[in-house]
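The figures here come from the full heavy-atom set of this structure, side chains too, leaving out hydrogens, waters and symmetry mates.
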Amino acid sequence: MLAKTCVRDRDILAPVVDYSDEYPNRTGNVVCHVSYEELKRGEVTIKGRKVEAGSLSSYAKALEAANLLADEIRRASSR
């Protein structure tokens, strides 16, 4: 389980969707995928252009959830 959960940000990919066209037309087309590492830097490259970006998910909330899970795993393994 540990091997499957220890993933680097550069290995987690998020889809990029054009909300001005693809989303309202419900095409489901994905422009590209970017890594969480790129999103955390605040700049991604899409079709050769560098653009400012951010994730829609909350990094702070994800970190809080990860810490809660880690605490549970530690408690369970110490029994």
Side-chain angles (χ1 to χ4, degrees):
M1 179 182 250
L2 181 62
K4 296 218 183 253
T5 57
C6 291
V7 181
R8 293 177 295 231
D9 285 341
R10 68 176 170 228
D11 299 324
I12 303 171
L13 300 179
V16 175
V17 176
D18 181 354
Y19 277 85
S20 69
D21 182 48
E22 310 300 339
Y23 187 76
N25 292 317
R26 297 181 179 166
T27 64
N29 292 335
V30 173
V31 176
C32 66
H33 288 83
V34 296
S35 71
Y36 270 48
E37 182 177 67
E38 292 172 286
L39 288 170
K40 283 173 147 182
R41 278 196 305 250
E43 184 178 87
V44 297
T45 302
I46 300 173
K47 295 184 177 180
R49 287 183 54 197
K50 288 189 179 193
V51 294
E52 193 175 312
S55 173
L56 292 177
S57 62
S58 168
Y59 182 71
K61 290 286 185 186
L63 190 56
E64 181 182 344
N67 285 327
L68 287 171
L69 179 59
D71 289 343
E72 287 293 320
I73 292 169
R74 282 187 208 102
R75 276 196 289 277
S77 66
S78 67
R79 292 182 196 158

_Glu38 to Val44 - nearest heavy-atom pair and separation_ = CB-CG1, 3.7 Å
*asked:* Testing the basics here: between Pro24 and Asp21, what is the closest heavy-atom pair and its distance to 0.1 Å?
replied: CD-O, 3.3 Å
*What is the distance from atom CZ of Arg41 to atom CG of Asp9, rounded to the nearest 0.5 Å?*
10.5 Å
*Can you find a heavy atom in the side chain of Val51 that is under 4.5 Å from one in the side chain of Glu43?*
no
*Do you know which two heavy atoms are closest between Arg10 and Ser35, and how far apart they sit?*
O-CB, 3.6 Å
*Check whether any side-chain heavy atom of Ile46 lies under 4.5 Å from a side-chain heavy atom of Val31, and answer yes or no.*
yes
*Quick one: pull up OH in Tyr36 and CG in Asp11 and give me the separation to the nearest 0.5 Å.*
13.0 Å
*Glu72 and Arg75 ion-paired at < 4.0 Å*: yes
_Beyond-backbone contact of Leu39 with Val34, side-chain heavy atoms, under 4.5 angstrom_ = yes
*Between Ser20 and Asp18, is any side-chain donor less than 3.5 angstrom from a side-chain acceptor?*
yes
*Single-linkage hydrophobic cluster, 4.5 Å side-chain cutoff, Val16 and Ile12 together*: yes
*Scan side-chain atoms only and decide if Asn67 and Asp71 contain a donor-acceptor pair under the 3.5 Å cut-off.*
no
